[in-house]
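First the structure, in the form of structure tokens, and then the observations on it.
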Amino acid sequence: MSSEVSVTTLLPDSLRVLLRADSVEDLSIWQSAEEDLRWDAPFDKAADLLDSDPEPCFDACVLALETVELEFPLIREFLAREDSVAGVADLEALPLYCEELSGRLLISLTPLFAANLPYQRIPDITVRGRLWLASKLYQGFFPHLEHALDLAFQFCFEAIRLAPTDVDALLTLVALETFVSESAEPFGWALPRAFSLAVSDEQLSFAYYRAAWRRGFCADALACYAQVLPGTSFFEDAQSEADEVALLLHASNPELVIPDYSDPAQVFNFINGGTVSTYAVDPDFRQPALQVLQEVEALFLGSGLELPQPPSTSEDSDTAQ
């Protein structure tokens, strides 16, 4: 029997600079089954207590995150630093979680890219768990906590710092801001950034869905709901919510005209169907992300390399046989 040999595929200099990685293997974002069991399972088991015992649930979830951070001290050290290039300059690396490979390939668009540091992959639960806690906190699932909303924002901001290219993390913040805000101000920084990083139908539809939430009961919300694509996770919810909004709006204004927000920039450039660019956004503001992905693809192709692929599962192996 021959022993399995680990092969490192070095990247050309152009890709190393663009991706802050030395090898193809450095770009892998996928956890093994063993890592799922070691890092994710304790948190998931604690989360199962939510309906029956919310107080022990919260404590056990936080403990699960802290246990991971004992093995990955870089996480806590990074989060304790100022969120700036100067604040992280003396770290050996930046901790990073990516849900999608596209997120890892868009690393050059992140705020701390100029720190010129490599990235260290961290367990999925360090971000996924924080987003879950933030969501449940603002929804009131932990009534024993006095400052639940403050904690929700804290977990959400930490998740975004650890996953700066993750559209879901940014849109969780949008949902949280929508929940707590009574202001007429329709946008913060998270929603435009989510749109700028969204590259798949799923991500873009999710961004439009959260944009509709942020706009409330108005024609702009219907314009955003209309862009949620069939087959994506939020399509049925978007259709149901849009029907409710439309019923109320047409009852007071039968001649209501829904704007065309098929271009994401229109979500920010046109307010209440008007033509005044109150929130002026460059019409090409999404293009940098798409351009980076095209550049990466071209560089890989030109170098004769292949992008990393998710590990095959036992089911895949069985099917292939």
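Just so you know, these numbers come straight off a predicted model, no measurement behind them. Positions are given from 1, in the same order as the sequence printed here.
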Inset, instruction - Assess the side chains of Gln139 and Ser135: does a donor N or O sit below 3.5 Å from an acceptor N or O? - result: yes

Legend entry - Least distance between heavy atoms, Ser84 atom then Leu112 atom: C-CD2, 3.5 Å

Inset, instruction - Answer yes or no: is there a donor N or O on one side and an acceptor on the other, between the side chain of Gln266 and the main chain of Asp263, under 3.5 Å? - result: yes

Inset, instruction - Drop me the distance from Leu27's CG to Leu11's CG, to the nearest 0.5 angstrom. - result: 5.5 Å

Inset, instruction - Report yes if some heavy atom in the side chain of Leu10 is under 4.5 Å from a heavy atom in the side chain of Arg16; otherwise report no. - result: yes

Inset, instruction - State the CG-SG distance between Leu191 and Cys224, to the nearest 0.5 angstrom. - result: 8.0 Å

Legend entry - Non-neighbouring partners of Phe234 that pass ring-ring contact (aromatic ring centres under 6.0 Å, His included), sequence neighbours left out: Phe206, Tyr209

Inset, instruction - For side-chain contact (heavy atoms from CB on, under 4.5 Å), just list the numbers for Phe142 and Lys136, CA-CA rounded to whole Å, side-chain angles, deciding distance to a tenth of an Å, and then say yes or no. - result: CA-CA 7 Å; Phe142 300 112; Lys136 300 308 177 185; 3.7 Å; yes

Legend entry - Atom CD of Glu236 with >12 non-hydrogen neighbours under 6.0 angstrom: no

Legend entry - Close side-chain approach of Leu162 to Leu96, heavy-atom, < 4.5 Å: no

Legend entry - Flag for Asp220-Tyr261: side-chain donor and acceptor within less than 3.5 Å: yes

Legend entry - Salt-bridge criterion met for Arg210 and Glu177 (N-O under 4.0 Å): no

Inset, instruction - Tell me whether the guanidinium CZ or amine NZ of Arg128 lies under 6.0 angstrom from the six-membered ring centre of Tyr97 and within 45° of its axis. - result: no

Inset, instruction - Taking side-chain hydrogen bond (donor to acceptor under 3.5 Å, both in side chains) as the test, write out the residues that go with Glu77, two or more places apart. - result: Arg81

Inset, instruction - For Asp168 and Glu99, work out which heavy atoms get closest and say how close. - result: OD2-OE1, 2.9 Å

Legend entry - ILVMFWY cluster, Leu137 and Val174 together (side-chain gap under 4.5 Å): no

Inset, instruction - Work out which heavy atom in Glu25 is nearest to a heavy atom in Thr9; give both atom names and the distance. - result: OE1-N, 2.9 Å

Legend entry - Working for side-chain contact (heavy atoms from CB on, under 4.5 Å), residues Glu69 and Leu65: CA-CA 6 Å; Glu69 289 160 20; Leu65 293 179; 4.3 Å; yes

Inset, instruction - Identify whether the distance between the nearest side-chain nitrogen and carboxylate oxygen of Arg76 and Glu66 falls below 4.0 Å. - result: no

Legend entry - Under 3.5 Å: donor-acceptor pair, side chain of Asp166, backbone of Ala169: yes

Legend entry - Residues Arg215, Glu241; criterion salt bridge (Lys or Arg N to Asp or Glu O under 4.0 Å); working and verdict: CA-CA 13 Å; Arg215 299 315 305 273; Glu241 293 169 21; over 6 Å; no

Inset, instruction - Determine whether the side chains of Ser205 and Gln227 contain a donor N or O and an acceptor N or O closer than 3.5 Å. - result: no

Legend entry - Spatial distance of atom CG (Leu131) from atom CG (Leu173) [nearest 0.5 Å]: 10.0 Å

Inset, instruction - Enter the distance from Asp150:CG to Leu145:CG here, rounded to the nearest 0.5 Å. - result: 11.0 Å

Inset, instruction - Identify whether Ile160 and Leu79 are in the same connected component of the hydrophobic contact network (ILVMFWY, side-chain heavy atoms under 4.5 Å). - result: no

Inset, instruction - Apply the test side-chain contact (heavy atoms from CB on, under 4.5 Å) to residues Leu74 and Gln120: give CA-CA distance (whole Å), side-chain angles for both, the deciding distance (0.1 Å), then the verdict. - result: CA-CA 9 Å; Leu74 179 63; Gln120 179 188 89; 3.6 Å; yes

Legend entry - Which atom of Thr232 lies closest to which atom of Asp201, heavy atoms considered: CG2-O, 3.9 Å

Legend entry - Partner residues of Thr67 under the side-chain hydrogen bond (donor to acceptor under 3.5 Å, both in side chains) criterion, sequence neighbours left out: none

Legend entry - Donor-acceptor contact below 3.5 Å, side chain Asp53 vs main chain Glu55: no

Legend entry - Aromatic contact, Phe195 with Phe268 (centres under 6.0 Å): yes

Inset, instruction - Given ring pair (Phe, Tyr, Trp, His ring centres under 6.0 Å), test Trp39 with Phe72 step by step and report yes or no. - result: CA-CA 11 Å; Trp39 305 123; Phe72 292 83; 5.4 Å; yes

Legend entry - Sub-4.5 Å side-chain heavy-atom contact between Leu249 and Leu222: yes

Legend entry - Any Ile107 side-chain heavy atom under 4.5 Å of Phe113 side chain: yes

Inset, instruction - Keeping the roles fixed (side chain from Tyr208, backbone from Ser262), state whether a donor-acceptor pair exists under 3.5 Å. - result: yes

Inset, instruction - Could you walk me through whether Ser108 and Leu19 pass the side-chain contact (heavy atoms from CB on, under 4.5 Å) test, one step at a time? - result: CA-CA 6 Å; Ser108 60; Leu19 302 175; over 6 Å; no

Legend entry - Check: Phe78 main-chain N/O paired with Arg161 side-chain donor or acceptor under 3.5 Å: yes

Inset, instruction - Taking all heavy atoms of Val24 and all of Pro308, pick out the closest pair and write down the distance. - result: CG1-CD, 3.9 Å

Legend entry - Linked, directly or transitively: Leu290 and Leu105 (ILVMFWY side chains, under 4.5 Å): yes

Legend entry - Leu171 with Phe155, same ILVMFWY side-chain cluster at under 4.5 Å: no

Inset, instruction - Flag yes if Val296 and Val199 sit in one hydrophobic cluster, no otherwise; membership is Ile, Leu, Val, Met, Phe, Trp, Tyr, and two members link when side-chain heavy atoms are under 4.5 Å apart. - result: yes

Inset, instruction - Indicate yes or no for a side-chain donor-acceptor contact from Glu202 to the backbone of Ser233 under 3.5 Å, with no hydrogens or angles considered. - result: yes

Legend entry - Side chain to side chain, Arg121 and Gln31, heavy atoms closer than 4.5 Å: yes

Inset, instruction - Answer whether the closest heavy-atom distance between the side chains of Leu204 and Arg286 falls below 4.5 Å. - result: yes

Legend entry - Minimum side-chain heavy-atom gap Phe141-Cys57 below 4.5 Å: no

Inset, instruction - Using a 4.5 Å cut-off on heavy atoms from C-beta on, say whether the side chain of Leu50 contacts that of Phe58. - result: no

Inset, instruction - Write down the atom of Gly103, the atom of Cys98, and the distance for their closest heavy-atom approach. - result: C-SG, 3.9 Å

Inset, instruction - State whether the side chain of Thr126 and the backbone N or O of Pro123 hold a donor-acceptor pair below 3.5 Å, judged by distance alone. - result: yes

Inset, instruction - First locate atom CG of Asp13, then atom CG of Leu299, and finally report the distance between them rounded to the nearest 0.5 Å. - result: 11.5 Å

Legend entry - No-hydrogen, no-angle side-chain donor-acceptor test under 3.5 Å, Trp30 and Gln309: no

Inset, instruction - Find the distance between CZ (Arg214) and OG1 (Thr178) and round it off to the nearest 0.5 Å. - result: 4.5 Å

Inset, instruction - Walk me through it: do Asp26 and Arg104 pass the test salt bridge (Lys or Arg N to Asp or Glu O under 4.0 Å)? - result: CA-CA 10 Å; Asp26 290 337; Arg104 180 61 183 87; over 6 Å; no

